[in-house]
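Sequence lines set the chain letters: A, B, ... in the order given, protein chains first and strands last, and positions in each chain run from 1.
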Amino acid sequence: MNRIIFHIDCNNAFLSWEAAYRLSKGNALDLRNIPSVIGGNREKRKGIVLASSYPAKKYGIKTGMSLMEACKLYPSLDINPPDYDRYVQCSDELMELLLKYTPLVERYSIDECFADVTGCFCEKASDFANFLRKEIHTKLGFTVNIGVSNCKLLAKTASGFSKPDKTHELYSSELKEKYFPLPIHNLFMLGFRTCVKLYNMGYYKIGDVANEDPKLLRRHFKLFGLLIWSNANGVDSSPVRPYEDKPKGIGNGMTLPADANTPADAYPFLMSLCEMSAQRLRAAGMRASVISVGMRTNEFTFQSHQRKISTPTQSTKEIYTISRLLYNELWQDIPVRTISVRLSGLSSDGIVQLDMYGNEEIRQQRLDKCIDSMRIKYGDECLSRARTIGSGADSVAVTTHKQYPKIKPNIMNGA
DNA sequence: TCTGGGGTCCTAGGACCC
DNA sequence: TCTGGGGTCCTAGGACCC
């Protein structure tokens, strides 16, 4: 039986969700109808556009652009800060609605999911998709695009065709007419760097790559070349996975309010990041055996160092101690703009063998758990490490929003 | 372009062991 | 002690996605 896969993509997710929420609270103004954006905080140097309304797009304002640049294009732009917790809730509501129709729903990111709807409807697949779109609009207040196909790769491509509020079909049998003529930057997993390389090699359309000898692509791009070729040929038999994988890594990063000119300038922020990551690690019931620290200088170069430890940990103190060593290794006397901490090599928080410092480990565990529970009860700001007070890092978000782990970098695995 | 923050996987090179 | 080769682990960095 041929599968029918939907890819549901929320149109301008953050902005639509914000708009829908405000309307539901009695606000008469619909952010979607004016030049508006969801964007960060200019004072904290987090000024980029996370989502823009269609009227804003008309002025050339798009995601990823700095707020300063956006304001040059439209000076009276309406700028609204993001509220991640609310967006997670919207994402959950969409999942719940879809689960009423099929148990096979896979969350791909906060604003995208796949649904295997094979055998779930009697009418045409596109009619069912149209019905679902209306249902989502009526019940949840925002619009989506739905891509319809017999595999995830093509369904995802189709949902990106024209927006908003549209259904598009793209089946394996239609590659020649609908897929091969597309410019190669539409190919899933092709980013800026690889696109430039392919242009220079004379490939401009997906069909150009699809008709190439895969051996040649492999020579140039190694295994990634084969992935490009197989994506270009629309090959994908991966199933819709109705569960969320355990994360492979947990991390937090931040742009500092001002460049750190010495390691000591950065330590309070590093502590804050370790605390955030460790708290998420404990909440997930996991321990980490690899700790990585990354830094981006004010020249925008990026470097990272990591350390593997023999006994997986979830202790804020231990993670911070190692992070500081790594930070000092990385420090090259160049002002630092962004720092990040990442925990990987994750394992479940089962019974761990305690080393000779076992008692100290238990003491730290109790302390961490106590801090976690107080923060859950009274909010993140109720406690600050002495180290972070007055540095500005104590006011830096200890707020975390749930991240959905990507299943695999390509959606054609399992083939 | 003057560029956030959360993820995933791949690759190359070095260290180490047998 | 010298030598080769294969396998595995660790580390750093690159590319991609949303």
Side-chain angles (χ1 to χ4, degrees), chain A residues 7 9-10 12-14 37-42 44-51 60-70 72-73 81-82 84 87-88 91 107-113 153 156 159-160 185 187-197 221-228 231 244-256 273 276-277 280 289-310 326 329-330 337-346 396-397 399-413:
Chain A
H7 177 253
D9 188 354
C10 301
N12 284 339
F14 289 2
V37 297
I38 302 296
N41 182 325
R42 242 182 298 189
K44 288 184 182 165
R45 304 201 300 177
K46 292 178 182 175
I48 69 156
V49 174
L50 298 169
I61 294 166
K62 42 189 178 183
T63 305
M65 181 178 269
S66 72
L67 284 179
M68 213 186 302
E69 207 182 339
K72 271 186 206 155
L73 294 169
Y84 293 107
Y87 305 156
V88 168
S91 180
R107 177 147 31 194
Y108 184 65
S109 71
I110 193 166
D111 62 345
E112 287 179 40
C113 51
L153 173 69
K156 179 161 169 56
S159 71
H185 66 252
L187 190 54
F188 181 67
M189 283 303 288
L190 274 202
F192 177 75
R193 309 259 170 197
T194 316
C195 271
V196 169
K197 285 181 195 162
F221 301 99
K222 309 280 167 66
L223 280 179
F224 185 55
L226 293 180
L227 170 68
I228 296 171
N231 279 0
E244 283 170 13
D245 281 2
K246 290 227 162 199
K248 307 263 167 66
I250 288 175
N252 288 93
M254 65 164 74
T255 299
L256 304 177
L273 290 172
M276 280 188 242
S277 304
R280 287 173 59 199
S289 62
V290 179
I291 295 154
S292 321
V293 171
M295 68 161 66
R296 196 178 286 287
T297 66
N298 65 354
E299 293 163 3
F300 228 71
T301 54
F302 179 81
Q303 281 188 302
S304 67
H305 274 191
Q306 64 183 58
R307 188 81 78 244
K308 190 177 164 69
I309 51 175
S310 51
L326 293 168
E329 280 176 23
L330 282 165
R337 180 187 169 88
T338 306
I339 53 179
S340 58
V341 170
R342 188 166 172 74
L343 310 172
S344 54
L346 304 188
V396 172
T399 52
T400 57
H401 68 277
K402 190 177 173 186
Q403 287 295 316
Y404 299 103
K406 293 291 174 292
I407 304 302
K408 288 279 160 70
N410 70 78
I411 54 177
M412 47 150 286
N413 62 69

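Side-chain N/O atoms of A:Gln303 include one lying less than 4.0 angstrom from OP1 or OP2 on C:dG13. Not one side-chain nitrogen or oxygen of A:Asn252 sits closer than 4.0 Å to the OP1 or OP2 atom of B:dG5. Remark: A:Lys156 is not in phosphate contact with C:dC17, judged by side-chain N or O atoms under 4.0 Å from OP1 or OP2. When the side-chain nitrogen and oxygen atoms of A:Thr194 are compared with OP1 and OP2 of C:dC16, one or more of them lie within a distance under 4.0 Å. Note on A:Lys308: every side-chain N or O is 4.0 Å or more away from OP1 and OP2 of C:dT11.
Closest to the A:Arg193 side chain, of the nucleotides C:dT11, C:dC18, C:dC16, is C:dC16. The A:Tyr108 side chain lies nearest to C:dC18 when the options are B:dT3, C:dC18, C:dA15. Listed nucleotides B:dG6, B:dT3, C:dC18 differ in distance to A:Arg337; the shortest reach to its side chain belongs to B:dT3. Taking only side-chain atoms of A:Glu69, from C-beta outward, the nucleotide of C:dA15, B:dT1, C:dC18 with the closest atom is B:dT1. Here B:dG5 is the nucleotide among C:dA15, B:dT3, B:dG5 with the atom lying nearest to any side-chain atom of A:Met254. The A:Ser66 side chain lies nearest to B:dT3 when the options are B:dA12, B:dC10, B:dT3. Taking only side-chain atoms of A:Lys222, from C-beta outward, the nucleotide of C:dG13, B:dA12, C:dC18 with the closest atom is B:dA12. For A:Thr255, taking side-chain heavy atoms from C-beta onward, the closest of the listed nucleotides C:dC17, C:dG13, B:dG5 is B:dG5.
Separating the CZ atom of A:Arg342 from the P atom of C:dT11 is a distance of 15 Å, rounded to the nearest angstrom. Atom CE in A:Met189 sits roughly 14 Å away from atom P in B:dT8 (whole-Å rounding). Between the OH atom of A:Tyr87 and the P atom of B:dG6 there is a distance of 16 Å, given to the nearest Å. Spacing between atom CZ of A:Arg296 and atom C1' of B:dG5 amounts to 11 Å, rounded to whole angstrom units. The interatomic distance linking A:Glu299 (CD) with B:dC2 (C1') rounds to 13 Å, in whole Å. Here the C1' atom of nucleotide B:dC9 and the CG atom of A:Asn231 are 14 Å apart, to the nearest Å. In this structure, A:Ile339 atom CD1 and B:dG6 atom C1' are separated by 16 Å, rounded to whole Å. Taking atom CZ of A:Phe302 as the reference point, atom C1' of C:dA12 lies 10 Å away to the nearest angstrom.
Under a 3.5 Å cut-off, the side chain of A:Ser159 and the backbone N or O of A:Lys156 do form a donor-acceptor pair. Panel note: side chain A:Thr338, backbone A:Arg296; no donor-acceptor pair is recorded below 3.5 Å. Listed for the A:Thr194 side chain is no donor-acceptor partner under 3.5 Å among the backbone atoms of A:Leu190.
Rounded to the nearest 0.5 Å, atoms CD (A:Gln306) and NZ (A:Lys308) are 9.5 Å apart.
Each of A:Leu273 and A:Leu223 has a nearest nucleotide on DNA chain B; the 5'-most of these lies closest to A:Leu273.
Here the separation of B:dC17 from C:dT3, taken at their C1' atoms, is 15 Å to the nearest Å.
Stacking of A:Phe300 onto the six-membered ring of B:dT3 is present: less than 5.5 angstrom between centres, less than 30° between planes.
Between A:Phe14 and A:Tyr87, the ring-plane angle classifies as parallel under the 30° and 60° cut-offs.
Side-chain contact between A:Leu67 and A:Val37 is present, with heavy atoms from C-beta onward closer than 4.5 Å.
C:dC18 is paired with B:dG5 under the Watson-Crick or G-U wobble criterion, all donor-acceptor distances under 3.5 Å.
Residue-level contact check: A:Gly64 touches neither bases nor backbone, having no heavy atom under 4.0 Å from any strand.
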